[in-house]
Amino acid sequence: MIKKPIVQLLLIVIVLSISGCGALERIEWITPTARPTPIPPTPTLPPRVDPSTAAVGRWQWTSYTSDVVDYPPAQVWIDVNDTGAVNGVLSIYPNYPEIPQAALTLIQQNGCNFTIESLNDSTVNGFFYSETQARVRVHVTECNVKFYGPVTLLEPLAGEFDIAFDPDLTDLILHPRELTPIERGQRIFAQYCSACHGSYGEGMPAIPSLHTDQVRGYTDEQLDTIVRNGVINTVMPAWGVVLSPEDFAGVIELVRHLDEVFPQ
Ligand code: HEC
């Protein structure tokens, strides 16, 4: 069992149950020190607003906090309708070498997903505190890996997301149009890369920033190879097999222009 020295202690044990055959495989993994931007302290939140006043469209997470020091990277989005009802997905990215490669690859590419259908239950509980901001407390013990089946987290993902209405993304969803390569890259980055590299490519404790001289110094060919094939013996997945040629080209274009798109 290879342990990454940069990764902290073994903490979470999961049970992967393969749907259909009923076999249970116990798997251990190491949780990272990586975490998204913590929620700034807000001792006095503004009063709650009526959900039906919330902006209709796509809402994305902006920051996350947790009482637990270590947890896997995670992200969340919700769609809010005109009555204030929500549906969305919380994706968790447990991503350690001890997980069988088949499941690991699927988790890296699709996340381990929890469907959000309400902000009023014991697993996902939240409230709107303005027309464009909400706070969502999660306590998730099970998620689902596409093509693989349910995964039980023996150590629940417990914490709070701040999420905000995203007008640009909503516009794009409501009025689809041809994207520029960089716009396409931004969507791909938000969906596939930000859980590890941060929303703006700023990196996390165990995962490199993409705003570095090292990344700037790669030739087009080197950058293409890294992102296409992944980095062996690390959690950096191979994207050449997941993304369409247009999406792949877009995300490479974005990484090339990351300093302009997301100034540090
Ligand atoms: C599951 C976590 C994870 C995801 C998701 C992920 N990466 Fe990475 N990435 C890493 C890690 C860890 C490394 C460092 C590998 C190493 O040690 O060389 C890395 C390295 C890189 C590097 C090289 C950085 C350097 O300093 O050499 C690039 C470029 C990169 N990733 C781009 C992307 C892009 C683009 C995406 C989305 C399509 C993505 N990554 C998604 C974890 C991830």
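Note that ligands are numbered from 1 as they come in the structure, with each ligand's atoms numbered from 1 the same way.
Applying the 4.0 Å criterion to heavy atoms of Pro208 picks out, from ligand 1, the atoms 11 (C), 13 (C), 14 (C), 19 (C), 20 (C). Close approach of ligand 1 to Leu223 is summarised as follows: ligand atoms under 4.0 Å from at least one heavy atom of the residue are 29 (C). Those atoms of ligand 1 with a heavy atom of Val215 less than 4.0 angstrom away are 24 (C), 25 (C), 26 (O). The atoms of ligand 1 that sit less than 4.0 Å from any heavy atom of Gln214 are 25 (C), 26 (O), 27 (O). Each of the following atoms of ligand 1 lies closer than 4.0 Å to a heavy atom of Thr234: 15 (C), 16 (C), 17 (O). For ligand 1, the atoms closer than 4.0 angstrom to any heavy atom of Pro237 are 3 (C), 4 (C), 6 (C), 7 (N), 43 (C).
Contact annotation for Ile252 and ligand 1: no heavy atom of the residue comes within less than 4.0 Å of the ligand. Neither the backbone nor the side chain of Ile188 has any atom closer than 4.0 Å to an atom of ligand 1 (non-hydrogen atoms only). At a heavy-atom distance under 4.0 Å, atoms from both the backbone and the side chain of Val235 approach ligand 1.
By the 6.0 Å and 45° rule, Arg228 stacks over the aromatic ring of Phe248. A cation-pi geometry, defined here as NZ or CZ lying under 6.0 Å from the six-membered ring centre and within 45° of its normal, does not hold between Arg48 and Tyr129.
When only interatomic distances are considered, the shortest N/O to N/O separation between Ser209 and ligand 1 does not fall below 3.5 Å. For ligand 1, the polar-atom distance check against Thr212 finds no nitrogen or oxygen pair separated by under 3.5 Å.
Under the 4.5 Å side-chain criterion, counting only non-hydrogen atoms from C-beta, Asn144 is not in contact with Phe114. Counting heavy atoms from C-beta outward, Trp59 and Asp166 have side chains that stay 4.5 Å or more apart.
Counting only non-hydrogen atoms, the option in His197, Arg216, Gln191 that gets closest to atom 8 (Fe) of ligand 1 is His197.
When the salt bridge (charged side-chain N to carboxylate O under 4.0 Å, His left out) test is applied to Asp121, no partner is found at least two apart in sequence or on another chain. Take Arg184 and apply the salt bridge (charged side-chain N to carboxylate O under 4.0 Å, His left out) test, not counting sequence neighbours, and it matches Glu178, Asp247.
Ligand 1 lies within reach of Tyr192, whose nearest heavy atom is under 4.0 Å from it. Under the 4.0 angstrom criterion for non-hydrogen atoms, Phe189 is not in contact with ligand 1.
Taking the six-membered ring where tryptophan is involved, the planes of Phe161 and Trp61 are perpendicular, since the angle between them exceeds 60° and thus also 30°. A perpendicular orientation is assigned to the rings of Tyr200 and Phe262, their planes being inclined by more than 60° (bins at 30° and 60°).
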Show, in sequence, the C-alpha distance, side-chain angles and deciding distance for Arg135 and Asp162, and conclude whether the salt bridge (charged side-chain N to carboxylate O under 4.0 Å, His left out) test is met.
CA-CA 5 Å; Arg135 177 152 301 186; Asp162 258 8; 2.7 Å; yes
